Amino acid sequence: MSVKIVAFCCNWCSYAGADLAGTSRLNYPAQVKIIRVPCSCRVDVQFILRAFVRGADGVIVCGCHLGDCHYSTGNYHAEGRLTQLFSLLDFMGFERERVHLEWISAAEGAKFAATMDAFVTQVSALGKNERYRNMYTKAGAQNE
Amino acid sequence: MQSPVYTCSLDNVTQLINRIAEKMPVYGDFGSSKTTLSPKGFFLPALEKLYETAKINDSYKITPAPPENAPFVLLGIRACDAAAIEILDGVYLNDPIDPQYKARRHASYIVTFACETMGANCFCQSVNINPAAPKGDVKAWVKNGTFFWLAQSEKGERLTELLLDLLERTIPAGNDLLPVEPPDSAPALPLPADMLSAFNAPVWDNLHRACIACGTCTFLCPTCQCYDISSHECTENSEKTHCTRQWDACLYPGFTQMAHGNPRPSKKERFRQRFMHKLVYHMQKYGTSACVGCGRCVNKCPVNMNIVKVAHVLAQEEVNAYV
Amino acid sequence: MCNPNLGLIPFPARIIHITENTADTKTFRVVGEDEKKPFAHMPGQCAMLSLPGVGEAMFSISSASTNEEFYEFSIKRVGKLTSELHTLQVDSPITLRGAYGRPFPVNDVLIGQDLLFIAGGIGLAPLRSVIRYVFDNRDKYGAVDIVYGARSSADLVFLEEIQNEWTARPNTRVHLTIDREEEGWSGNVGFVPTYIKQLSFNPSKIALICGPPVMIKYSLATLIEMGFEKTQVYTTLEMRMKCGIGKCGRCNIGHKYACIDGPVFRCDEIDELPEEY
Amino acid sequence: MNEQEKMRTRAKELHAAGIIKQVLAWEAGAFPSYPAPAFFTKPNAFEKIVYNEFCTANLSKYVINITEKTLIFLRPCDAHSFAQLVKENQVKRENTYVIAVGCEGCVQVDEGEARDLLESCRTCTKTDYPLFDEEINTQNNPRESTNKAARFAEVTRLDSEENTARYAFWQAHFSQCIRCNACRNICPTCHCKECVMDSDHPLDGQFYHAIRALHQDGRCTDCGQCSRVCPRGIPVHLLNRKLIYTSNK
């Protein structure tokens, strides 16, 4: 069963990188669904968690290299916020390998394709995402 | 004809439970005190699906969720919870009857257990419930080392037939075999007689300020009946949507929020509604107050607000009448 | 209750006709499966209209109960569900359940009485079902006066129906008013309560009021001044409703639930209830 | 523990001097071990101010957007929450008169009996008061640095375990959650006007705890109220402690 990947790509660098990968005929797995965001720091923790709730098996956030950010400090915020999210997800017992943060500039089409390949194989190794889907608050399990 | 009282020794009570468990699932036990969550969740679950809709050639096909009528047994229900189930029956089992609730309720066997002592924050005696004489399909109690079992309903008799070889019949010799009633420790809960004077009482202005409107008391309360209905897409395929029913609390701001405004705009009105419904409105509509004195809200309220204090302050009595 | 199996499970239904009353109000004609009406209803009752995946809301049925082919709902675009409903086209599917609420007492108290309908804005929708019921059984009732006001002439719903059909009805007087002066408007200008005082009806009539709460309050005060008893005045109270069958504990005013003991209340009943609507 | 007398007298003196209009403290509940937070406006009611080891509720969240000048008694954990609220200008400092009051730790109460010290008091590392106008008996705050290790003991223990073991640990706890929102409404730094979790979409509730913890990241003052109030005993504070632990590293 092919895994579903959601990639949040920042408009200025990674999205352009993905574009470049396309124009230079580099292919990367089709299961990757790209969502364009103005900056990597626009990715709220809820976007990632909701993506998992709605059936994603892996989420990767791509942004500009530190220092290249069009909004100058966007990727620093993103890095701070997402490292905390990833460590909390690991602490709660979710597979840390299903989430990833990568800096890809507009010129690195090859790196974009390679990163997506590596990430898809990594997530496929883990298989379908069951844990994120079952962490239900059963809201009222019967009395003990 | 009053069905006979059966007994068995304490140590083969677990045998009784296992025998029942072979026939149907058993929840709860004859434990030391009442459970944290009330048995309400067995009849009105915190989250349940009402129906599913699928869009087929431009019209909605609606499939209601099948009613759950697999039989199950609730063990060790106390007098307060048994009375609470009756209060919920009054709401959900009279016209128009709620099919989901009715299916679960008819499939349930309630085995109650008499309390020998009053819990720290129990006050069922203040709402004239006798902790030693709980209702329910079967009443069980322990007295000087023996376990007693008395069927109180036709369902109770059916349950007793499963266990006849494990139980011995006793000659019903007066009430020295009956469970002893714990001494009455607290005065009766004063219920405001007149609705309008209670509603307009000035005490609400200061009384509500400590409350953080979190809803814990309503979710733990065995008689809180309010629910919310919401409809949303399935995650698997968005053509299908399901409509769910989940617990709701009058304390939440969105409870009565309408497009053109909210009749209960601030926490004070919502706090007042919670206690007015419990102590006054339910009394006027069904003849009994909806509080069974189980003390769960007293025990688990994050800021130690509780219904006994509100009732006393509402009746203009000094709060620490018996602190 | 006209519908015995009253529950929370809706019937599939379809919109067969949409008329654009005003900029933000549309009237939807709805029928159940195989073009029939899934449940009967009485004037003043409402039904839960829902769009799966969006939500559900209670709307008063503005078509007459004697109308066999369809229901009509006049819906103003105010919130999430209503905006979604306003995007629907003819033939789009919805779901429907009902009929809920205590109707206007058309078969007992109103028989043989002179009737005074007072409506404000979208408040005409619930009263329209009663008015059309009265017109269909015209001989059973006395004189009919209709006072209807809105913010502007563009906000008067069913305007052509009022002007062409209602005014032509026997022994029926229609009094329209708008809040502010407008060129090209020949009718009265002013708020409904003040307009009632100018018209000064004799207090033997039965009055039915429906509209925004502030209009209800002042119209009721004016009627009392004119000698009306509170037992002669009926109104509807609007509360948030989710179940419609008096269980979900949301629409209560005091110990009465608006969805089963109302939404139609007699004004003296309202005085026994706390000031909560 | 005679802070109670001093608090009552100071409240009367400050009110008489017209410095304050009302007092926010605890008052006796209808049951002995359940004092509740309360606003005292009339001087004769100041006699009812209570201060003992059962006063577990954190008072700082009550003064958000307060308009009248209010005297508030703060213990070290409350004081840190209060400072955070002042920093986020949820509270106008000039509308409050703060008295720092000594604390020997509060007791968890269940079914009327006092159990052991609150978890947050056992691992409390705060002996200082970020801001106050006066002090009462603050010299006898017993805690020293020994609790530093105890504070993150549970977090490091869980970290050392297998990922699947942690998942089982949290799934067992979260499956008991009845979404009563007590942990959100008691948390001093959780004060959005409209919470994103109030959408009536049950599926959002799945990550309620994770999203709530992340919203307090860098702002949580580790006062432990969230776990204290949970009716199902879920150790929600561990999520926030983990975030503090990783950001300290």
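Proteins come first, then strands; the chains are lettered A, B, ... in the order of their sequence lines, and each starts at number 1. All of these numbers come straight from a predicted model, not from anything done at the bench.
For the set D/Gly233, D/Pro37, D/Ala38, the count of heavy-atom pairs under 4.5 angstrom toward chain B peaks at D/Pro37.
For D/Phe39, the parts lying under 4.5 angstrom from a heavy atom of chain B are both the backbone and the side chain. Neither the backbone nor the side chain of D/Arg184 comes within contact range of chain B; no heavy atom of the residue lies under 4.5 Å from a heavy atom of that chain.
Formation of a donor-acceptor pair under 3.5 Å by the D/Tyr34 side chain with backbone atoms of B/Val298 is not found in this model. In terms of modelled atom types and a separation under 3.5 Å, the side chain of D/Asn185 and the main chain of B/Ala213 share a donor-acceptor contact. Checked by atom type and distance alone, the side chain of D/Arg179 never pairs as donor or acceptor with a backbone atom of B/Ala46 at under 3.5 Å.
In this structure, the side chains of B/Leu220 and D/Pro231 come closer than 4.5 Å at one or more pairs of heavy atoms. No side-chain heavy atom of B/Thr216 sits under 4.5 Å from any side-chain heavy atom of D/Ile178. Counting heavy atoms from C-beta on, the side chains of D/Phe40 and B/Asn206 never come closer than 4.5 Å.
Crowding of D/Lys21 atom NZ: a count of heavy atoms from other residues, nucleotides or ligands under 6.0 Å not exceeding 12. No more than 12 heavy-atom neighbours from other residues, nucleotides or ligands sit within 6.0 angstrom of CD on D/Glu194. By the 6.0 Å contact criterion, NZ on B/Lys55 is open, its count of non-hydrogen atoms from other residues, nucleotides or ligands being 12 or less.
Between the CG atom of D/Asn181 and the OH atom of B/Tyr252 there is a distance of 4.0 Å, given to the nearest 0.5 Å. The distance from the NZ atom of B/Lys300 to the SG atom of D/Cys180 is 10.5 Å, given to the nearest 0.5 Å. Distance CD1/B/Ile212 to CG/D/Asn58: 10.5 Å, rounded to 0.5 Å.
Contact between D/Ala57 and B/Pro302 at its shortest, heavy atoms only, is CB-O, 4.3 Å.
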